[in-house]
Amino acid sequence: MDTPSRREFLRKAALTGAAAPFIPGLLQPASAAGRAPAALSKVRLGFIGVGSRGRSHVQQALYRDDVEITAICDVDPEAISRTNAMIQKAGRKPPVAYTKGNEAFLEMLKRDDMDGVVIATPWEWHTPMAVATMKAGKYAGLEVSATVTLKESWDLVNTFEKTGSHCMILENVCYRRDVMAVLNMIRQGLFGEMTYAHCGYEHDLRDIKFNDGKKYAGGGVEFGAKGYAEARWRTQHSVDRNGDLYPTHGLGPVAHWLNINRGNRFLHLTSMATKSRGLHKYVVDHGGPNHPNAKVNFKLGDIVTTMIQCANGENIVIMHDTNSPRPYSLGFRAQGTQGLWMDDGDTIYLEGVSPKPHQWEPFAPYQEKYDHPLWKQHARSAENAGHGGIDFFVLRAFIESIKAQVAPPIDVYDAAAWSAISPLSEQSIAQGSKPVEVPDFTRGKWKNNPPIFGLNEVY
Ligand SMILES: NC(=O)c1ccc[n+]([C@@H]2O[C@H](COP(=O)([O-])OP(=O)(O)OC[C@H]3O[C@@H](n4cnc5c(N)ncnc54)[C@H](O)[C@@H]3O)[C@@H](O)[C@H]2O)c1
């Protein structure tokens, strides 16, 4: 999917050879990560995209004394004024605002008072903005999914390898308390040898609006120019694309469980999509059969199922289910030769540990016993953060990585590989569910890269 303004930006960037000044070798590549002597006591952040998600990151940043917000950028004046109001309420210095057009972020990136940039814009802007941020020598903190196309995944990797500037995909679900306890248990061998993981994004988004409580009529029926917040851009992806459009909330935790890019990797996948009914039905039910959008042909199947084969022999199943009436679930399941945990029902069974064979037991006692040290240490600070505290942890990891001047715990290779599942699933579905190879974005480094996520005080 490509918008005219993004196309124009990419065309100009190609003509000038670079979207922003190129500063080689400013930071060490991930392989050389270690606490650098020039650790920072304060971090200066810029924000590109201060809509619903961007403002939630701004709020987290405002809770911290070691963060200064020096600049913000958004094409929507309302988003800028709401962000400025938050910053003023917190008694902080007003940031410089960049608002003039889709490429205003390039001007912002020329500033030398930013150590990192949080990017929370529509998906199609993520990679151009992260590439420009890395070229400007700043840490890029990129919302999910990081990329829309395979080429974009390679653009992220190639830019990191050329510039040495880090890019972290801000996948907050990696920090969910239960999936981190499960990670702890997997690392301690309680599940035996891992064989299988199940996950997904199963979230009824038909009434898409995410409007911070502001009253808005027409969610799910109106989209594009007449929509509000995510409906302005996200629904169009469901018109144009048939694949798993949002794989990383599920895949992030699973990738850590299975050491993807760090001893293991995705080899190939196959995807299948059901017919597309949910969005059309929603428009007809809420806008009437004569609403102009009742004529829209939505390409996205209601439920998309993707299966991934991993190099170490595990299988992953990912669900994408955003246009059906259903309660929210990320549908996690972690399974090994000794047993399994399932998110829905929060139940566990471990052979030789669970009291009765063939019977589930509640996960709560395991959660307590294997609670991840990061959660034990920071649970109170996470109390005010969104999505049950995980938003605190993900921004913290980005900020602490900048402060320590080290590679982030979720790096550019993760951003590239996890996000690539979207275009690859589109390819597979378009070819009748044919298996498609997942590129090795690490170019072989996965064999020796050690796991780092959740393993030290920075991460
Ligand atoms: N990790 C999570 O839990 C989570 C939750 C919600 C959204 N997200 C992700 O965050 C991103 C933003 O989502 P959102 O809900 O905030 O959407 P949104 O529509 O509310 O905000 C996007 C903002 O980007 C601005 N924008 C668009 N083009 C721009 C440009 N060229 N330059 C500067 N600003 C521009 C828009 O004006 C808008 O304010 C998406 O990638 C979404 O998938 C992640």
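Quick note: numbers below take in every heavy atom, side chains included, and nothing from hydrogens, waters or symmetry partners. Order of appearance sets the numbers: ligands from 1, and atoms from 1 within every ligand.
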Non-hydrogen atoms of [X] versus ligand 1: any pair closer than 4.0 Å?
X	value
Tyr98	no
Glu103	no
Arg55	no
Glu171	no
Trp125	yes

Within 45° of the six-membered ring axis of Tyr328 and under 6.0 Å from that ring's centre, is NZ or CZ of Arg326 located there? no
Near [X], which atoms of ligand 1 are under 4.0 Å from a heavy atom of that residue?
X	answer
Met129	30 (C), 31 (N), 32 (N)
Asp76	37 (O)
His249	1 (N), 2 (C), 3 (O)
Thr121	11 (C), 12 (C), 24 (O), 34 (N), 35 (C), 40 (C), 41 (O)
Ala120	11 (C), 12 (C), 22 (C), 23 (C), 24 (O)

N/O separation below 3.5 Å, [X] to ligand 1:
X	value
Ser52	yes
Tyr246	yes
Asp391	no

My understanding is that we take every heavy atom of each candidate and find the minimum distance to [atom]. Doing that for [options], which one comes out nearest?
atom	options	result
atom 28 (N) of ligand 1	Val144, Asn102, Val118	Asn102
atom 39 (O) of ligand 1	Val394, Val50, Asp74	Asp74
atom 42 (C) of ligand 1	Glu230, Arg53, Glu143	Glu230

Determine whether Trp233 and Trp123 make a side-chain contact, defined as any pair of heavy atoms from C-beta on separated by less than 4.5 Å. yes
Any side-chain to backbone donor/acceptor pair from His203 onto Leu205? Under 3.5 Å, distance only. no
Are the side chain of Ser419 and the backbone N or O of Ala146 linked by a donor-acceptor pair below 3.5 Å? yes
If you count heavy atoms of other groups shown closer than 6.0 angstrom to NZ of Lys376, is the number above 12? yes
Would you say that more than 12 heavy atoms from the other residues, nucleotides or ligands in this model lie under 6.0 Å from the CE of Met307, or not? no
Counting the benzene-type ring for Trp, do Phe393 and Trp375 have ring centres under 6.0 Å apart? yes
Tell me if the aromatic rings of Tyr413 and Trp418 count as close, with their centers under 6.0 Å from one another. no
With Arg44, the side-chain hydrogen bond (donor to acceptor under 3.5 Å, both in side chains) member among Asp115, Asp112, Thr70, Asp113: Asp115
Please identify which of these residues, Asn261, Ile410, Ile452, meets the side-chain contact (heavy atoms from CB on, under 4.5 Å) condition with His256. Ile410
